[in-house]
Amino acid sequence: MSSTPARVRIAPSPTGDPHVGTAYVALFNRTLARQTGGQFLLRIDDTDRSRYQASSEQKIFDALRWLGLDWDEGPDLGGPCAPYRQSERNAIYQQKVDHLLESGNAYRCFCSAETLAEVREKQKQDKLRLGYPGTCRDLDAVESSQRAAKEEPHVIRLRVPVEGETCFVDQIRGEIRIANCEIDDQVLIKTDGFPTYHLANVVDDIEFGITHVIRAEEWLISTPKHVLIYQALEHPLPGFFHVPLLRNADHSKISKRKNPVSLDWFREQGYLKEAILNFLALMGWSPPDGQEVFDLDRFQQEFNIEKISTGAPVFDLVKLDWLNGMHIRKMDPDQLLQRIDEEGFLPQGVSPQQAAAVLPLVVERMVRLAEFEPRTTWFFNLPEPPTPEDLVPRKGSPEQSLEALQATSALLKSDLPFQAEAVNEALDAMLAEKQWKKPLLFMPLRFALTSRSDSPDLIEVMMVLGRDNVIDRIDRAIAILECST
RNA sequence: GGCCCCAUCGUCUAGUCAGGUCCAGGACAUCAGGUUUUCAUCCUGAGAACAGGGGUUCGAAUCCCCUUGGGGUCACCA
């Protein structure tokens with residue numbers, strides 16, 4: 001495990017709902033920072049003004065904090081490198097790009113976006129390599145300055161060497177080499193004066209003292225451009241770690257068309273943050289001891305960034321469901337109840353005290369917190385009455401169900417103590433005496449009490465409902481059967 | 001299409017860097033049993049993979065090459 005403090009960052013773009021991929025990358029970044037006693041920074045990458053959504057930034061903060069992936073420096077927290085919003089750092093990019101212009105590592109390009117689009121079309125038709133044709137690359141310096149002074153619209157491009165190759169080491173994949181002729185003269189500053197990701201990202205990583213760049217694999221191919229910018233700025237390279245991209249079932253890059261990707265969605269469904277983090281950690285990494293259910297603390301102890309696998313993990317909700325159930329059952333009852341409350345899954349008008357009574361009966365059955373309400377409505381409200389068909393089990397008959405329910409009703413109306421053990425024994429005795437099979441009594445009883453085909457243990461259901469309710473519901477079922485025969 | 005990355009059960013993966021202990025281990029899912037008043041939990045068991053072909057080697061899932069397949073990327077988006 002690395003012992004030098006890592007300064008790492010994530011740089012989400014405020015263009016929509018908080019993305020599960022952001023949490024995935026944040027998890028690895030933050031964990032490395034915590035392991036090494038370094039810092040985890042949050043930088044808002046809002047240089048694309050056309051896709052910018054004002055509400056998005058706060059949603060990203062909220063989602064990440066909800067997951068427990070808190071940061072040490074960021075737009076809302078401030079820090080020694082403020083500001084942490086790229087749109088507020090334009091002066092710095094300008095200054096750096098002037099430097100690049102002077103050193104000849106960058107040049108102005110006056111080609112219009114339309115012209116370039118046409119060129120690209122032509123290249124596509126002729127099956128040529130797609131890329132900038134280099135029109136303005138060798139423009140006279142004086143002319144270039146004059147045209148810029150006259151405010152002629154232009155972008156600033158990186159001057160990529162024509163020959164040679166650029167290489168770097170990805171700490172997960174090994175050495176990557178790419179011929180420079182394959183690298184386009186990347187736009188550094190757009191016509192609107194804002195930097196592109198490539199420039200802003202490198203300048204900020206240098207300014208922020210970032211030591212490890214941990215990001216998604218989709219950036220791997222543009223890393224040589226970044227390397228060239230680092231070199232032009234005469235700054236040593238950080239460590240690069242490209243983690244695999246989360247995938248749809250068809251193995252394409254995860255997308256909202258084919259998968260739920262909004263962290264808000266997972267929260268609304270009642271997924272626990274513990275389960276989400278656990279699941280994400282398992283995408284590309286596996287615990288040395290094989291124990292797959294774990295929390296953030298243990299992940300921090302065991303995780304090794306260099307052991308992330310290179311394969312492409314399919315995002316499979318089925319396993320998340322299993323993990324969610326495991327974490328629900330691992331949590332202590334008070335904590336779970338509090339969580340259900342906090343996350344807004346307590347049914348309308350129900351107090352935590354009331355919920356505490358039924359919770360133990362349904363924990364073993366809950367996969368997502370949102371199931372709490374449907375699984376417990378029978379307790380908080382009188383359910384819709386069961387149908388006569390509901391009350392007759394497959395191998396039973398209306399007469400048998402009626403007799404069983406009537407006998408149970410009578411038993412409960414007697415002076416029998418209304419306690420789990422006593423009721424259980426009395427029902428067993430009744431079953432034995434009448435020589436009835438258990439399901440013939442319990443299935444009608446289940447529907448009488450809960451109006452569902454699946455429910456918790458019926459003795460427990462009765463105890464929690466109370467004698468009067470139980471008798472009322474059984475009698476209601478008796479009436480239904482009597483009417484139908 | 002060019003370039004780059006990747007390749008073990010349906011899915012997540014261990015094993016690959018330091019070749020033999022792997023006729024490949026675990027987990028989810030599936031199926032079959034057990035416990036049981038239903039569902040679930042829990043327990044037991046089963047089926048299920050080294051993409052293909054060449055090398056190197058006494059020996060290859062592990063190293064090399066080719067093929068195939070998948071993905072990413074080729075924006076004045078990130």
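Letters A, B, ... mirror the listed sequences (proteins, then strands); counts begin at 1.
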Practice prompt. Could you pull out the closest heavy-atom pair between A/Leu282 and A/Glu292, with the gap in Å?
Written response: CD2-O, 3.7 Å

Item to complete: Answer yes or no: is there a side-chain heavy-atom contact under 4.5 Å between A/Pro244 and A/Thr310?
Response: no

Discussion item. Mind checking if A/Ala312 touches a base, just sugar-phosphate, or nothing, with heavy atoms under 4.0 Å?
Written reply: sugar-phosphate

Practice prompt. Mind checking A/Glu292 for me? I need base, sugar-phosphate or nothing, with any heavy atom below 4.0 Å counting as a touch.
Written response: base

Item to complete: For a ring pair (Phe, Tyr, Trp, His ring centres under 6.0 Å) with A/Phe28, tell me which candidate from A/Phe303, A/Trp285, A/Phe241 qualifies.
Response: A/Phe303

Worksheet item: With sugar-phosphate meaning primed atoms plus P, OP1 and OP2, does A/Thr15 contact a base, only sugar-phosphate, or nothing at under 4.0 Å between heavy atoms?
Response: nothing

Worksheet item: So what does A/Val318 hit on the nucleic acid, given a heavy-atom distance under 4.0 Å: a base, only sugar-phosphate, or nothing?
Response: sugar-phosphate

Discussion item. For a quick test of reading the model, state the closest non-hydrogen atom pair linking A/Leu263 to A/His19 and the distance between them.
Written reply: CD1-O, 3.7 Å

Discussion item. At less than 4.0 Å, is any side-chain N or O atom of A/Thr47 found next to OP1 or OP2 of B/A78? Yes or no.
Written reply: yes

Worksheet item: Between A/Arg85 and A/Glu57, is the closest basic N to carboxylate O distance under 4.0 Å?
Response: yes

Worksheet entry | P spacing across the pair B/G20 / B/C63, given as an integer number of angstrom | 11 Å

Discussion item. By the 4.0 Å heavy-atom rule, please label A/Ser286 as base, sugar-phosphate, or nothing.
Written reply: sugar-phosphate

Check: protein-nucleotides 33-35 of chain B nitrogen or oxygen pairs below 3.5 Å:
none

Fill in: G-U wobble or Watson-Crick pairing nucleotide for B/C3 (cut-off 3.5 Å, both distances)
B/G72

Fill in: Inter-nucleotide P distance (B/A14, B/G25), Å rounded
15 Å

Worksheet item: Is A/Leu458 touching bases, backbone alone, or none of the nucleic acid, heavy atoms closer than 4.0 Å?
Response: base

Practice prompt. Pick base, sugar-phosphate or nothing for A/Thr310, based on heavy-atom distances below 4.0 Å to the nucleic acid.
Written response: sugar-phosphate

Practice prompt. Using the C1' atom on both, measure B/G45 against B/C4 and round to a whole Å.
Written response: 46 Å

Worksheet entry | Nucleotide opposite B/G20 in a Watson-Crick or G-U pair, distances under 3.5 Å | B/C58

Discussion item. Measuring only the C1' atom in each nucleotide, how far is B/C31 from B/U56? A whole number of Å is fine.
Written reply: 43 Å

Worksheet item: Looking across every strand, which nucleic acid part, if any, lies under 4.0 Å from A/Cys111 by heavy atom: base, sugar-phosphate, or nothing?
Response: base

Worksheet item: If you look at every strand shown and take non-hydrogen atoms under 4.0 Å, does A/Ser50 touch a base, only sugar-phosphate, or nothing?
Response: nothing

Worksheet item: Could a donor-acceptor pair under 3.5 angstrom be found where the side chain of A/Glu217 meets the base of B/G71?
Response: no

Discussion item. With side chain to side chain contact (heavy atoms under 4.5 Å, CB included) as the criterion, how do A/Asn248 and A/Val314 come out once you've worked through the C-alpha distance, each side chain's angles and the decisive distance to 0.1 Å?
Written reply: CA-CA 6 Å; A/Asn248 295 314; A/Val314 171; over 6 Å; no

With 3.5 Å as the limit, what N/O pairs link the protein to nucleotides 41-50 of chain B?
none

Worksheet item: Closer to the 5' end of RNA chain B via nearest nucleotide, is it A/Asp45 or A/Phe442?
Response: A/Phe442

Response to the item:
Exactly one candidate in A/Asn201, A/Asp46, A/Asp204 meets side chain to side chain donor-acceptor pair (under 3.5 Å) with A/Gln86; the answer is A/Asp204

Practice prompt. For A/Gly174, answer base if it contacts any base atom (sugar-phosphate contacts may also be present), sugar-phosphate if it contacts only those atoms, and nothing otherwise; contact means non-hydrogen atoms under 4.0 Å.
Written response: nothing

Worksheet item: Taking atom P in both B/A29 and B/U11, what distance in whole Å separates the two?
Response: 16 Å

Discussion item. Is a donor from one side chain sitting under 3.5 angstrom from an acceptor on the other, for A/His154 and A/Arg147?
Written reply: no

Discussion item. Using the C1' atom as the point on both nucleotides, what is the distance between B/G47 and B/G33, in whole Å?
Written reply: 15 Å

Fill in: Between A/Ser255 and A/Arg247, a side-chain donor and acceptor under 3.5 Å
no

Worksheet, complete the sentence: Nearest-nucleotide check on RNA chain B, A/Ala113 vs A/Ile172; residue mapping nearer the 5' end is A/Ile172

Practice prompt. Look at all strands and tell whether A/Arg173 reaches a base, only sugar-phosphate, or nothing, counting heavy atoms closer than 4.0 Å.
Written response: sugar-phosphate

Practice prompt. In whole angstrom, give me the gap between the C1' atoms of B/G10 and B/C3.
Written response: 32 Å

Item to complete: Using a 4.5 Å cut-off on heavy atoms from C-beta on, say whether the side chain of A/Arg452 contacts that of A/Arg446.
Response: no

Fill in: Sugar-phosphate only, base, or nothing, as touched by A/Arg452 at under 4.0 Å among non-hydrogen atoms
nothing

Worksheet item: Does a donor on one side chain and an acceptor on the other come within less than 3.5 Å for A/Tyr197 and A/Asp48?
Response: no

Practice prompt. Decide if atom CD of A/Glu306 counts as having more than 12 heavy atoms of other residues, nucleotides or ligands within a radius under 6.0 Å.
Written response: yes

Practice prompt. Classify the nucleic acid contact of A/Lys253 as base, sugar-phosphate or nothing, counting any heavy atom under 4.0 Å across all strands shown.
Written response: sugar-phosphate

Worksheet item: Across the strands shown, which category fits A/Lys438 at heavy-atom distances under 4.0 angstrom: base, sugar-phosphate, nothing?
Response: sugar-phosphate

Worksheet item: If you measure from the P atom in B/C58 to the same atom in B/G19, how many Å do you get, rounded?
Response: 15 Å

